[in-house]
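First up is the structure itself, then whatever we jot down about it.
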Protein chains: 2
Amino acid sequence: MATDPGTGRREATVSDVAMAARVSKATAARALGDYGAVSDDVRDRVQAAAERLGYRPNALAKSMNTGKSNTIGVVIGDIENPFFARATRGISDVAQAAGFDLILANSDEEVDAETAAIELLLDKRVDGFIVTPASSIETRSLQTALAEGRPVVLLDRRAAGMEADTVVADNASGAAAATRHLLAAGHRRIAFISTLGHGEPYASGDDVGSSSVGDRIDGFTSALREAGVEDPAASVHLNARAEGIDVITRKVLGDPDPVTAIIASDSLVGSAVFRTIRELGLAIPDDVSLIAFDDADWTSLTTPPITVVSQPIYELGAESARRLIARIGGAGADAEEFVLAQTLIERGSVGAPPTR
Amino acid sequence: MATDPGTGRREATVSDVAMAARVSKATAARALGDYGAVSDDVRDRVQAAAERLGYRPNALAKSMNTGKSNTIGVVIGDIENPFFARATRGISDVAQAAGFDLILANSDEEVDAETAAIELLLDKRVDGFIVTPASSIETRSLQTALAEGRPVVLLDRRAAGMEADTVVADNASGAAAATRHLLAAGHRRIAFISTLGHGEPYASGDDVGSSSVGDRIDGFTSALREAGVEDPAASVHLNARAEGIDVITRKVLGDPDPVTAIIASDSLVGSAVFRTIRELGLAIPDDVSLIAFDDADWTSLTTPPITVVSQPIYELGAESARRLIARIGGAGADAEEFVLAQTLIERGSVGAPPTR
DNA sequence: CTGAAAGCGCTAACAG
DNA sequence: CTGTTAGCGCTTTCAG
């Protein structure tokens, strides 16, 4: 199958170029691949011949020999989610500058899909992985990648016992800051809502399978505890994807003892909560206050604009790409954890709780 | 470099498996690759040996022989743009189901970046391309891809004289529908704003380099012309990225003769226009009406929600992947153009023009 | 600095 | 059904 799929004409190879330039295959390869030592005269002749024949290097063949594909496997939840899209852009810019391509796979937060993607990418001999692990517990395929010598960088979520570099945001601090902000405004009954799946109702200390959400919960509950609020764990609402974000929002806002503020664990939850609050005919912030994670575009467009916990998403991606590329380049030492700061951006969606 | 990058242990190859199973390399390969004919007995032995040795097929080596990499090159404007993100998701789902991976590259709408990406992907021997061409005029690199026998599907934008399948939305009709909707509400002075770069002020008949924007302009101007509006071309405002969307918005809304309605060529322009209108202290739709292309999330969250021209973005991506995969599979015949419908979704951002 | 030869891991004829 | 023998296009010793 060495023929051009289109024209039936064979594509020019190093051999062809060598022949045309009247040098050996090895010399031509050296001139073309810009390695080893070649005299200027020969180099020119080879390059001219290559030009003339329309020579195009075969990266596959090169990879077979060198063991490097200059390709990074990126396995994320869903490229349609603005968080992942922006992080991917950060990865892409850094990777591209370093000469790496990206193979993209969506896991939809399913371990099985993630595993399948990683296996496939392993077969394709990617040089390393950037993954937002679907589970921080079931990480077998990531361990496999590591065992095969492919460095892995964990993005946005830590995973217990994985010897992999990790780049995350300081979710605990961000969540605590948001919670304290609400507390300071006088709120005592605050709901934290996330789509993350979790078998039981959340109980203090549960491992929720995603460190970013877990950390947010920790920051949230500890700020509540600090303020003397009883049973903070009861304010954590998971499974919002399965149960319906609107359903949960209606529940926490309903009788007998409605919350006066909601923290949305990401911008998708935030927009759904916002929508539901509006459908309920409630006013923000007069009837209910809202804080969402991520400074998504829409949050500054609504009336009122939404107070958010902003994360350096692009930088999260860029930094993980830098780490990975360093590892691929052979950087040694133990796995490190990079934590980037989150900042609270105050806008108009937080006010005093309603007096009844 | 046949050693495992991590452990220094050699990875198991077909040869190793063959040896362990006491069969020839060819037989082992047949059993492993599930082609040719192998007796059940042998197959089991081989698979057992493979399991034991932790054999992992090398997709690179396979591609070298078969000439197929099962990889699609996706070259889009910017993965962070929700339009591209959603289209990419459509591509990804179809591709994955058919056993293809995606290599992703952002062009930022620059021909040079697009060309560089395509060259690199050609080197990597992708089986085909899905591209949102940065220019419908300068398509040399796409022609190269075609010449090398790699099918190309054009997504969202046509390109003159390219023998490539094309999947686009019916932008002319969508724009015309939006314009007529505004006309019917009584508007006569309507601005069309796009970020697309264009040397001169737009003149009727100009080739603007992007067929989707070009078609929208055509639909827009012809609807205006139908309604007897003079010099429709003067209402087309390009270069909004370079000049600043806010600058242009302020200009068309300023003296001496402000427009009473704006059509935003995509949701990014739409959000910037919305923001500027609000900064100007104007009310939608009382002072100015607004229609944006794409049913982006934020458009239903604002007050009032925005009337939009909705496109089947996911399907645009999915369909182009289907077309490409069919071509890769050898489907013959001439290049075809697929046109998907757009629909106007009426919300609250269109009203009668203000009376002064 | 250049060339010859071997080999990366796999598939693809071609015999048997 | 199975084995033998060639490659795919490139890099990489090892000589010279």
Side-chain angles (χ1 to χ4, degrees), chain A residues 1-5 9-46 49-50 53-70 122-125 127 148-149, chain B residues 1-5 9-46 49-50 53-70 122-125 127 148-149:
Chain A
M1 219 62 44
T3 53
D4 184 314
R9 204 188 57 232
R10 240 182 76 100
E11 290 191 54
T13 72
V14 171
S15 261
D16 301 326
V17 174
M19 205 163 277
R22 311 191 162 288
V23 294
S24 75
K25 211 170 59 162
T27 303
R30 282 190 271 254
L32 258 13
D34 202 39
Y35 60 90
V38 190
S39 70
D40 292 353
D41 171 45
V42 169
R43 183 192 324 281
D44 291 350
R45 244 170 46 223
V46 171
L53 297 181
Y55 169 75
R56 173 181 303 288
N58 184 325
L60 257 27
K62 179 172 188 171
S63 295
M64 279 224 47
N65 289 283
T66 60
K68 292 210 39 172
S69 60
N70 287 300
L122 243 16
D123 292 353
K124 290 209 173 163
R125 298 307 192 259
D127 295 330
E148 307 248 321
Chain B
M1 221 64 45
T3 51
D4 185 314
R9 205 188 54 234
R10 241 184 74 102
E11 290 190 53
T13 72
V14 172
S15 261
D16 301 326
V17 174
M19 205 163 277
R22 310 192 164 289
V23 295
S24 76
K25 213 171 57 161
T27 302
R30 282 190 273 254
L32 259 13
D34 202 38
Y35 61 92
V38 191
S39 70
D40 291 351
D41 170 46
V42 169
R43 186 193 320 282
D44 291 349
R45 243 167 50 221
V46 171
L53 297 180
Y55 169 76
R56 173 182 303 288
N58 184 325
L60 258 24
K62 179 172 189 171
S63 294
M64 280 225 47
N65 289 282
T66 59
K68 293 209 43 194
S69 60
N70 287 300
L122 242 17
D123 292 353
K124 290 207 174 165
R125 298 306 192 261
D127 295 331
E148 308 249 322

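Note that this is a predicted model, so its numbers are computed, not measured.
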Of the nucleotides [options], which one has an atom closest to the side chain of [X]?
{"X": "A/V42", "options": "C/dT2, D/dG9, C/dC10", "answer": "C/dT2"}
{"X": "A/M64", "options": "C/dC8, C/dT2, C/dC10", "answer": "C/dC8"}
{"X": "A/T13", "options": "D/dC10, C/dT11, C/dC1", "answer": "D/dC10"}
{"X": "A/T66", "options": "D/dC10, D/dT12, C/dC10", "answer": "D/dT12"}

Within this structure, what is the [atom1]-[atom2] distance for the pair [X] and [Y], rounded to the nearest 0.5 Å?
{"X": "B/M19", "Y": "B/K25", "atom1": "CE", "atom2": "NZ", "value": "10.0 Å"}
{"X": "B/R56", "Y": "A/E148", "atom1": "CZ", "atom2": "CD", "value": "4.0 Å"}
{"X": "B/L32", "Y": "B/T27", "atom1": "CG", "atom2": "OG1", "value": "11.0 Å"}

**Prompt:** Would the number of heavy atoms belonging to other residues, nucleotides or ligands and lying under 6.0 Å from NZ of B/K62 be above 12?
**Reply:** no
Measure [atom1]/[X] against [atom2]/[N] and give the value in whole Å, please.
{"X": "B/N58", "N": "C/dG9", "atom1": "CG", "atom2": "P", "answer": "7 Å"}
{"X": "A/N65", "N": "D/dC8", "atom1": "CG", "atom2": "P", "answer": "14 Å"}
{"X": "A/L32", "N": "D/dT11", "atom1": "CG", "atom2": "P", "answer": "8 Å"}
{"X": "A/Y55", "N": "D/dC10", "atom1": "OH", "atom2": "C1'", "answer": "7 Å"}
{"X": "B/D123", "N": "D/dC10", "atom1": "CG", "atom2": "C1'", "answer": "13 Å"}
{"X": "B/R22", "N": "D/dG3", "atom1": "CZ", "atom2": "P", "answer": "12 Å"}
{"X": "A/M19", "N": "D/dG9", "atom1": "CE", "atom2": "C1'", "answer": "14 Å"}
{"X": "A/D40", "N": "C/dT2", "atom1": "CG", "atom2": "C1'", "answer": "15 Å"}

The correct set of residues in residues 23-31 of chain A placing a heavy atom under 4.0 Å from DNA chain C is A/V23, A/S24, A/A26, A/T27, A/R30
What heavy-atom pair brings [X] and [Y] nearest, and what distance separates the two atoms?
{"X": "A/S63", "Y": "B/L60", "answer": "CB-CD2, 3.6 Å"}
{"X": "A/L53", "Y": "A/A20", "answer": "CD1-CB, 4.0 Å"}
{"X": "A/S69", "Y": "A/R125", "answer": "OG-O, 2.7 Å"}

Check: Counting distance only, does the side-chain N/O of A/D16 pair as donor-acceptor with the main-chain N or O of A/T13 below 3.5 Å?
Finding: yes
Sub-4.5 Å side-chain heavy-atom contact between B/V46 and B/R43 =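 They are not in side-chain contact.
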If each end axis of the helix from C/dC1-D/dG16 to C/dG16-D/dC1 is fitted on five C1' pair positions, the angle between them, to 10 degrees, is 30°
**Prompt:** Do any side-chain nitrogens or oxygens of A/S39 fall under 4.0 Å of OP1 or OP2 in C/dT2?
**Reply:** yes
